[in-house]
Amino acid sequence: MEARRAYPFDRIEAKWQRVWQERAVFRAANPGEPGAEKPKYYVLDMFPYPSGRGLHVGHLEGYTASDIVARYKRMRGFNVLHPMGWDAFGLPAEQHAVATGIHPRITTERNIAHFREQITAMGFSYDWSREINTTDPRYYRWTQWIFLQLFRRGLAYVAEAPVWYCPALQTVLANEEILPSPDGPVSERGHHPVERRPLQQWMLRITAYAERLLADLDLVDWPDSIKEMQRNWIGRSEGAVIRFSIEGIESSLEVFTTRPDTLFGATYVVLAPEHPLVAKITRPECREAVEAYQREVAKKSDLERAELTEEKTGVFLGAFAINPASRERIPVWIADYVLLSYGTGAIMAVPAHDERDFEFASLFGLPVHPVVRPKDSAAPPAGCFPGEGIACCSQFLDGLRTLEAKSAMISWLEEKGLGKRTIQYRLRDWLFSRQRYWGEPFPIVWRNGEAQPVPETELPVLLPERRDFSPERGGFAPLSQEKGWEELPDGGRRETNTMPQWAGSCWYYLRYLDPGNDGELVSRETERYWMGAKGVDLYIGGAEHAVLHLLYARFWHKFLYDIGVTSTPEPFHRLVNQGIILGEDGRKMSKSLGNIVNPESLLREYGADSVRLFEMFLGPLEQMKPWSSQGLEGPHRFLARVWRLVMEEDAEGRWMPRPDISNEEVPMETRRLLHRTIRKVAEDLECLSFHTAIAQMMILVNALTRRPIPSRIVLEPLILLLSPFAPHLCEELWSVLGHAESLAYAPWPEADPLLLIEEEAEWVIQINGKVRSRMRAALDLGQEEAESLARQRSEIESWLNGKSVQKVIFVPGKLLNFVVARE
RNA sequence: GCCCACGUGGUGGAACGGCAGACACACGGGACUUAAAAUCCCGUGGGGGGAGACUCCCGUGUGGGUUCGAAUCCCACCGUGGGCACCA
């Protein structure tokens with residue numbers, strides 16, 4: 001069915017997309033090129049993984065927002081960097097290869113072509129000369145180079161550690177890729193069950209940067225919720241490590257606690273079941289029970305240990321430790337509520353002041369010694385009191401507040417050599433290897449059991465071609481099947497793990513700056529120019545990357561800063577998350593619900609400008625909101641109205657410029673409205689309030705439609721204001737009005753301050769805070785004049801009749817409120 | 001359980017502590033048309049009074065509070081979404 005079009009968007013959109021491409025309109029100038037004398041503005045989208053499903057309206061929302069900003073900033077005189085690329089390594093393409101035998105490279109290329117086509121059809125103003133692809137050897141060469149620098153500085157190391165292994169995906173996964181579920185932990189991708197296995201893995205020492213990753217959150221302009229999530233993920237806690245000696249044995253054990261002030265109340269000690277000291281200190285009579293418990297924990301730890309609905313369990317080792325403060329003999333237990341991977345893997349239990357210890361002590365009949373009382377109470381309460389208060393029953397701490405008691409205890413411990421002040425982080429080192437094919441190979445060769453770096457001159461280490469994609473059983477890397485690749489003539493063997501998908505996305509924003517540079521990751525001069533001062537000026541993407549991508553990228557950026565590659569401590573100055581777009585039914589879009597909105601049909605029916613405008617008109621960018629295909633009508637009609645302000649149909653139905661377009665001045669009311677609109681749109685664009693900017697332009701266009709005034713004096717500024725939102729339509733109208741050049745770099749309209757000054761205002765008159773009247777009057781009335789004008793109004797007169805006015809609130813230019821006695 | 005965000009018409013949403021519901025969608029009425037579509041105009045939170053121009057009351061999840069005045073600030077609760085979850 002050939003739908004009649006409200007305006008010929010199909011023709012003009014194809015035309016302008018071709019013009020932009022042919023003239024390389026959006027090419028950004030690097031230092032030394034004409035254009036680079038302008039101030040820079042770097043507006044970045046989170047680059048997509050090119051999946052087989054193509055882009056959905058959610059991607060398009062973020063990309064539309066960033067494109068509007070990019071176009072706006074160009075018109076404001078900035079040299080704008082607005083690039084796009086592909087995060088193309090990753091599991092889905094490899095899973096597809098396993099299933100179909102088609103090489104992931106083929107699938108990836110096909111998907112990228114589809115994505116690029118969809119993006120082009122939306123009219124986004126990317127500088128395609130900077131397009132990057134993480135699977136391109138010219139790109140991943142530098143991913144490998146960064147890894148080598150990390151390795152040289154001891155920040156990449158091999159460790160045998162219990163890691164999350166997913167039998168279904170046949171790979172290990174990072175902590176960050178595991179989700180809790182009612183049936184135990186599962187993989188984030190695919191929700192397959194995962195279990196713990198001890199394997200030799202590459203780790204990155206992100207914990208070395210924990211403090212800076214935390215502190216520098218203060219430097220960036222990000223949503224508070226994201227900062228908070230990162231803070232929680234890093235999980236800094238201050239406390240002390242305290243040494244407990246073991247009765248009858250030479251060795252001692254260390255515990256970490258955030259409450260050293262409660263040491264006098266420590267009535268037992270708990271080790272993680274896997275703690276290396278357990279075998280050494282367990283008494284023979286307890287050995288059987290302890291080992292049985294360890295086996296049980298090892299078996300269930302995979303799935304059930306993460307659940308906390310279960311009752312606490314543990315066993316006594318038969319051994320005793322000495323409380324270093326009270327000199328009391330206290331029992332040593334193991335229990336699975338203590339984790340080996342945090343702190344020292346051991347705790348001092350203070351059941352009187354810790355809920356978990358209290359629960360455990362109650363269950364096993366262990367003693368409870370209160371040593372803190374609330375500020376307003378003479379004695380500690382019964383049960384467990386985890387709050388802060390005043391120390392008691394603690395000898396030299398008695399009477400001190402919790403904060404002081406902590407310091408006093410730490411000083412005492414340090415003096416006696418029994419402990420010291422410590423900071424612990426919840427953040428763990430980053431598990432960096434994957435047993436997959438479709439990822440960056442490590443630039444590492446094993447010789448005599450030692451990992452050796454591949455010389456930089458030999459980069460990139462190319463991923464070998466493959467025919468057979470079935471992964472090997474048991475968690476070995478597929479690359480270990482490629483003997484000709486793995487085994488080197490000198491007897492060395494290449495590392496066969498590959499890097500995780502996060503690797504390529506950790507630094508891609510830097511490669512856009514200088515994508516063709518084969519001598520350096522990015523030239524110093526270019527990096528200084530584009531990342532100057534604050535790094536990426538605006539970064540738009542989904543909140544699902546709050547901790548993973550954004551924490552990893554910050555880590556790498558700080559490392560690159562330390563080795564002199566980057567010049568700013570933080571990569572992304574301002575971060576904005578677009579909200580999720582729900583299906584028309586208000587539920588999350590998903591294949592199984594059948595509520596996914598296909599952008600192709602919308603583009604065919606309404607055109608890219610309408611889709612762009614509607615994506616923005618839906619509501620605040622950061623908010624979650626449902627899609628409504630019917631709602632698209634509004635912005636579409638609006639664009640058609642703008643079209644008809646300039647164009648009209650002749651008898652044959654051809655669109656022609658209106659013959660009556662003039663250069664004549666327009667009525668004062670219209671000029672004022674135009675200039676208010678200019679101001680409002682610019683203000684709203686600065687704070688990314690796109691929907692209110694559109695509403696304001698609709699108000700202007702509605703006024704112009706009502707009383708047709710086809711004058712360039714109002715039409716041209718309107719077209720410029722609208723052009724970041726609906727660039728194809730506006731380019732066409734701009735050229736119809738006789739401009740030979742694209743409007744992409746036309747100066748943004750300036751609001752005339754004289755036209756923004758109002759002389760009159762509508763005053764609101766209230767009685768006891770309720771609006772009882774309004775009047776148009778001069779804006780600059782004094783209180784007395786305003787009051788007497790208000791009192792003359794009959795409705796106010798009758799409201800005030802017989803009442804005594806106690807007070808009059810006067811807000812200049814706005815409001816008058818008579819406060820009268822209530823009977 | 002803990003942390004964070006958010007609750008406004010039939011719907012999406014707007015509103016520096018000062019006119020609640022801008023702008024749209026949907027719906028209803030009208031103009032144009034042989035008719036329809038498109039377009040244009042008018043109406044549209046709920047309830048009451050009035051023949052009428054009009055007018056009064058109620059209303060921003062619930063209950064309190066601060067204030068001359070609260071959708072907006074504070075407290076408690078309920079609901080929705082997101083994050084964390086034995087991290088000592």
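Residue numbers start from 1 in every chain, and the chains themselves are labelled A, B, ... in the order their sequence lines are given, proteins ahead of strands. As a basis for the values below, the full set of heavy atoms in this structure was taken, side chains included, without hydrogen atoms, waters or symmetry mates.
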Across every strand shown, the nucleotide meeting Watson-Crick or G-U wobble geometry with B:G45 (both distances under 3.5 Å) is B:C58
Regarding A:Pro223, tell me which of base, sugar-phosphate or nothing describes its non-hydrogen contacts under 4.0 Å with the strands shown.
nothing
Answer with base, sugar-phosphate or nothing: what part of the nucleic acid does A:Ser628 contact at a heavy-atom distance below 4.0 Å?
nothing
Considering Watson-Crick and G-U wobble pairs with both distances under 3.5 Å, what does B:G10 pair with?
B:C25
Are the side chain of A:Arg793 and the backbone N or O of A:Arg774 linked by a donor-acceptor pair below 3.5 Å?
yes
Any side-chain N or O of A:Lys807 less than 4.0 Å from the OP1 or OP2 oxygen of B:C68?
yes
A:Leu618 near the nucleic acid: base, sugar-phosphate alone, or nothing, with a heavy-atom cut-off under 4.0 Å?
sugar-phosphate
So is A:Lys312 actually on top of A:Tyr337's ring, under 6.0 Å and inside 45° of the axis?
yes
A:Arg231 side chain near B:C84 phosphate (N/O to OP1/OP2, under 4.0 Å)
no
When only distance counts, do a donor and an acceptor, one from the side chain of A:Gln623 and one from the base of B:G13, lie under 3.5 Å apart?
no
For B:C86, the Watson-Crick or wobble partner whose two distances fall under 3.5 Å
none
Chi-based syn or anti call at B:G9, which uses purine or pyrimidine torsion atoms and a 90° bound:
syn
Looking at A:Trp763, is its backbone amide N or carbonyl O close enough to the side chain of A:Lys814 to form a donor-acceptor pair, meaning the two atoms are under 3.5 Å apart?
no
For B:G82 and A:Ser225 - does any side-chain N or O of the residue sit under 4.0 Å from the phosphate oxygens OP1/OP2?
no
Do the two ring centres, one from A:Trp655 and one from A:Tyr7, sit under 6.0 Å apart?
no
